[in-house]
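Beneath this line is the structure, given in structure tokens, with notes to follow.
Each ligand, and each atom within it, is numbered from 1 in the order the structure gives.
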Amino acid sequence: MELTTTPERERHAKALAARLSGRVVVDGTLRPALTDERFPVENPATGEAIGMAARCGQPDVERAVAAAAGAFAAWATLPHRQRSTILLRAAAALEAEMESLACLSALETGNAIATQTRGEARTMVDILRYFAGFAGEAKGKTVPLTERRFLFTRRVPVGVVGAIIPWNAPLMQTTSKLGPALAAGNTVVLKSAEQAPLAVLRIFEILQGILPPGVANVITGFGEEAGRPLAEHPQVRKVTFTGSSAVGARLLHYAADKIVPVTAELGGKNPNIVLPDADLELAVAGIVQGLRLFRQGQSCTAGTRVYIHAEVYDEVIRRTVVALAAGRMGNPLDESTQVGSIISREQFERVERYVAIARATPGARILTGGARPDDPTLKNGYFYLPTLIDGIPADSPVCRDEIFGPVATVAAFTDFEAVLREANDSRYGLAAVLWTRDLARAMEFVDRIEAGFVQINQFSVAEAGIEYGGTKLSGMGREMSPESMVEHFTWPKTVIINYGTPGI
Ligand code: ADP
């Protein structure tokens, strides 16, 4: 099908949405869920329902986990090169459908195809392909003991992995869970986010032509109803999660009762600091990119606490405001749109709540944004202008909480020590960025900043091969590296062979 015009893309995505409605992918087949309950999936750019998703609960979880458990032994013992080959074919199959998946994801998330979902579809493929190449890397080690005794370790796949993902970048979230789990020899049941279940369903449908039945299963539904029974299921031996810190904590509780490990990639309130000697052009572009303008700020690595040295403050703010205003807002499926809509009414109202707190704060100023766009064609969607606010005290919830929308605080500083202290004075510890040409200052920042993902003179995102994860409330565990695959998706078995040392 041609997907060259906006109406063609829309028709295509809507047809897929209708076909996938009420389905799950379990044991190799796209099929109706066991539950008859459904909930609407919305196009957040228009407020229209585009399909219905199954409101799965315990019975659907049971069926999916049983399928994954049944597929485990054969998948785990498949020679790793065969697993690699299959996963490479799976990546190629997704690659062939990138454009279609980008359309469907744009329709249900409000992320623009031109600036977000198309690139994300590419990342989705890259991640799966990258981990496919590491299927043979789940290796143990040998350790010297005494003469005639040989110690080695083996890495053993954990079994059924329960994966729970959010809605902000569902294409790449799916393969960042599937890639390492499957390459290491596990089988997976994934629960998609209730706001964005359809493109994920389509990914799993595509994979079924290639993976053995039961190796990768997906269910849809809400957190407490579907996510919780999945995380608590006795046969789920590992939970991997991306989402809010509050839900991450819940999952640790569920897993605690059965002593099962959890990887948790959680929220952030990330500092982005501009020193006066920085290349200001780069820094301004980095502030805009850091705000995740093209994802409406809905990213856990978003640089939402911006600190700019007083010497360059006015200049940087002036240029940033201009750059933010240049982002064209519109229908996410339109090729000329750069900025789409917020995911849901709930998130939209959350953004409005925090902006209202800012408005009521004495001394605070909204430098840009703080409202919906004027464009009447956007009035039914959850569009919100990128917003910069200054004069917010460091202890205000606007400066402390993860808003998860297109809102950042900005503040001027003069003292590096003080700004470093303020940057670290957060419950979160995910990303942190510094703009400077001073190597010593940069290294000082690297040494002392409390964050898992630190960048100097760039504000990029995690990708295959760049290990990613946070500290403090931002979570535990790492993703995107072969080491994290081994650490989180296998367990070590220590073996000692005594071939002639008696009396030990
Ligand atoms: P966000 O704030 O990004 O929506 P959440 O942490 O609320 O993130 O949700 C991320 C994922 O976690 C979603 O798939 C959601 O359904 C799931 N989830 C929410 N609550 C629970 C829960 N109590 N148990 C398991 N999963 C949950």
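Counting only heavy atoms of the protein, atom 14 (O) of ligand 1 lies nearest to Ile165 O, 2.8 Å. Remark: minimum distance from atom 18 (N) of ligand 1 to any protein heavy atom is reached at Gly223 CA, 3.3 Å. Counting protein heavy atoms only, atom 4 (O) of ligand 1 is closest to Trp167 NE1, 2.8 Å. The protein heavy atom nearest to atom 5 (P) of ligand 1 is Ser244 OG, 3.6 Å. When only non-hydrogen protein atoms are considered, atom 15 (C) of ligand 1 lies nearest to Glu194 OE1, 3.6 Å. Looking only at protein heavy atoms, the nearest one to atom 23 (N) of ligand 1 is Tyr254 OH, 2.9 Å.
Not one N or O of Gln195 is nearer than 3.5 Å to an N or O of ligand 1, by distance alone.
Phe39 has its ring centre less than 6.0 Å from the ring centre of Phe222.
When each atom of ligand 1 is checked for a heavy atom of Ala193 under 4.0 Å away, the hits are 14 (O). Every atom of ligand 1 with a heavy atom of Gly243 under 4.0 Å away is listed here by number and element: 6 (O). Those atoms of ligand 1 with a heavy atom of Ile164 less than 4.0 angstrom away are 11 (C), 12 (O), 14 (O), 17 (C), 25 (C), 26 (N).
Contacts of Ala231 with ligand 1, taken as heavy-atom pairs under 4.0 Å, are absent altogether. Of all the heavy atoms of Leu230, none lies under 4.0 Å from any atom of ligand 1, so neither backbone nor side chain is involved.
Contact annotation: Gly267 has no heavy atom less than 4.0 Å from any atom of ligand 1.
There is no protein heavy atom closer than 4.0 angstrom to atom 9 (O) of ligand 1.
The existence of a salt bridge linking Glu487 and Arg478 is excluded, since no basic side-chain nitrogen approaches an acidic carboxylate oxygen closer than 4.0 Å. Under a 4.0 Å N-O distance rule, the pair Arg353/Asp401 does not qualify as a salt bridge. Under a 4.0 Å N-O distance rule, the pair Arg19/Glu205 qualifies as a salt bridge. Remark: Arg372 does not engage Glu352 in a salt bridge, criterion side-chain N to carboxylate O under 4.0 Å.
Annotation: side-chain contact (heavy atoms from CB on, under 4.5 Å) contacts of Glu95 (sequence neighbours excluded): Met98, Arg122, Val125, Arg129. Under the side-chain contact (heavy atoms from CB on, under 4.5 Å) criterion, Thr377 pairs with Asp375, not counting sequence neighbours.
A perpendicular orientation is assigned to the rings of Tyr384 and Phe348, their planes being inclined by more than 60° (bins at 30° and 60°).
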I'd like to know whether Glu225 forms a salt bridge (charged side-chain N to carboxylate O under 4.0 Å, His left out) with Arg55, so could you lay out the CA-CA distance, the side-chain angles of the two residues, the decisive distance to 0.1 Å, and finally the verdict.
CA-CA 8 Å; Glu225 295 169 8; Arg55 189 167 173 171; 2.7 Å; yes

